[in-house]
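Hydrogens, waters and symmetry mates play no part in the numbers below; they use all other heavy atoms, side chains included. Along the sequence shown, residues are numbered consecutively beginning with 1.
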Amino acid sequence: MKTGTSVVVSRDGPMSALGAFFVYLISGFFLGVGFWVARNKFAVDLVSDPSLTLFLLWSIEFPVVAVVYSFLRKAPEKCSWCKAVGRSILGLISGAFMNALGAIALGAPIGMQYLPKTIHWSLLMSVFTFVPATAVFGASWTDWHRAFASMKPTGNIEYMIVIPAYGAIVGGWFGAWPMPLDWERPWQEWPICVCYGAIGGYIVGQILSLSLMFLFRKHKNLKVA
């Protein structure tokens with residue numbers, strides 16, 4: 001832990017389950033603000049105007065996620081907070097590119113009429129999946145591989161990164177199931193139901209990660225006793 005004009009928490013330092021809860025509370029609040037702004041200021045939602053709604057969601061959520069997770073960066077004595085925020089921006093762009101490629105590979109529609117929707121959906125997914133990791137890990141391939149590929153996160157901060165990210169991906173995949181069905185509902189269009197699924201999966205991932213934090217803490221206390 002490093003102290004000065006501000007308090008910075010290292011990834012290797014302590015992050016309590018209560019601290020994680022407040023991080024989730026803040027990010028969830030601003031995600032709700034995005035929906036509120038879309039509904040009350042622009043009179044749109046994901047069904048009536050997916051592109052604008054998704055733009056409002058990611059553009060409001062991204063600064064919050066980038067700022068908060070940059071305080072949790074790895075090796076703060078070597079990486080400044082501003083640098084962590086800067087690499088969060090790079091993570092947003094590269095993550096959106098990867099999410100867009102993945103969605104198209106899995107059957108997302110291609111065409112100019114779908115391009116804005118795909119771009120803004122990919123940016124929101126990047127906020128859920130790539131931005132926290134780039135803020136904390138940076139370009140450390142070892143950390144990325146261990147946490148995501150090997151699925152061996154260590155410590156509460158890494159649980160906060162990995163489990164909600166996988167939750168958003170799995171939720172988006174499940175959310176895509178109704179798309180090919182002939183129910184002829186407006187919410188079946190790309191990427192509406194996928195977005196709802198991803199947000200739902202992201203929230204479930206946060207709840208699951210908190211549960212694991214409390215469980216491991218209880219187990220650790222029992223071993224100490």
Side-chain angles (χ1 to χ4, degrees), residues 23-69 85 88-135 164-207:
V23 170
Y24 290 159
L25 195 64
I26 292 170
S27 63
F29 172 77
F30 280 94
L31 190 62
V33 168
F35 278 108
W36 183 88
V37 170
R39 169 67 70 176
N40 293 278
K41 298 300 181 181
F42 293 89
V44 297
D45 55 30
L46 283 172
V47 176
S48 63
D49 194 336
S51 296
L52 178 56
T53 304
L54 287 168
F55 166 73
L56 292 170
L57 291 178
W58 76 257
S59 62
I60 292 173
E61 184 76 356
F62 166 69
V64 177
V65 173
V67 167
V68 171
Y69 279 89
V85 172
S88 297
I89 298 173
L90 295 177
L92 174 71
I93 298 170
S94 59
F97 181 72
M98 295 295 293
N99 276 287
L101 285 181
I104 293 171
L106 291 173
I110 302 174
M112 291 305 297
Q113 63 182 14
Y114 298 108
L115 183 60
K117 300 175 185 179
T118 301
I119 290 174
H120 292 302
W121 173 83
S122 299
L123 286 163
L124 180 63
M125 286 296 293
S126 183
V127 173
F128 291 159
T129 57
F130 272 74
V131 172
T134 51
Y166 274 116
I169 294 169
V170 174
W173 183 70
F174 276 106
W177 282 16
M179 287 181 59
L181 302 178
D182 58 352
W183 295 343
E184 298 183 356
R185 297 290 190 272
W187 53 265
Q188 288 180 262
E189 295 185 11
W190 168 260
I192 300 168
C193 53
V194 179
C195 186
Y196 280 125
I199 292 173
Y202 183 67
I203 294 171
V204 170
Q206 290 179 330
I207 295 171

Subject >> Audit row: Ile207, Tyr24, side chain to side chain contact (heavy atoms under 4.5 Å, CB included) steps and yes/no >> reply: CA-CA 9 Å; Ile207 295 171; Tyr24 290 159; over 6 Å; no

Original post:
Are Leu92 and Leu123 side-chain neighbours, meaning at least one heavy-atom pair lies under 4.5 Å?
Top reply: yes

Subject >> Flag side-chain contact, heavy atom, 4.5 Å: Ile89 against Phe62 >> reply: yes

**OP:** Ignoring hydrogens and angles, tell me if any N or O in the side chain of Ser126 forms a donor-acceptor pair with the backbone of Gly91 under 3.5 Å.
**Re:** yes

Original post:
Are Trp121 and Pro50 side-chain neighbours, meaning at least one heavy-atom pair lies under 4.5 Å?
Top reply: no

Original post:
Within the distance-only criterion (no hydrogens, no angle test), does the side chain of Gln188 pair as donor or acceptor with the backbone N or O of Leu181 below 3.5 angstrom?
Top reply: yes

**OP:** Mind running side chain to side chain contact (heavy atoms under 4.5 Å, CB included) on Arg185 and Cys193 for me, showing each step along the way?
**Re:** CA-CA 10 Å; Arg185 297 290 190 272; Cys193 53; over 6 Å; no

**OP:** Under the ring-ring contact (aromatic ring centres under 6.0 Å, His included) rule, collect the residues that match up with Tyr69, sequence neighbours excluded.
**Re:** none

Subject >> Backbone N/O of Pro164 and side chain of Gln206: donor-acceptor pair under 3.5 Å >> reply: no

**OP:** Name all pairs fulfilling the salt bridge (charged side-chain N to carboxylate O under 4.0 Å, His left out) condition that reach into residues 33-48, sequence neighbours left out, sorted by first residue then second.
**Re:** Arg39-Asp45

Original post:
Would you say the side chain of Phe97 lies within less than 4.5 Å of the side chain of Leu101, judging by non-hydrogen atoms?
Top reply: yes

Subject >> Any side-chain heavy-atom pair of Val64 and Phe29 under 4.5 Å >> reply: no

Subject >> Note, Thr53 side chain near Cys195 side chain (heavy atom, < 4.5 Å) >> reply: no

Subject >> Residue pairs, two or more places apart or on separate chains, that pass ring pair (Phe, Tyr, Trp, His ring centres under 6.0 Å) and touch residues 35-56 >> reply: Phe55-Trp58, Phe55-His120

**OP:** For the residue pair Val65 and Pro132, establish whether any side-chain heavy-atom pair is separated by less than 4.5 Å.
**Re:** yes

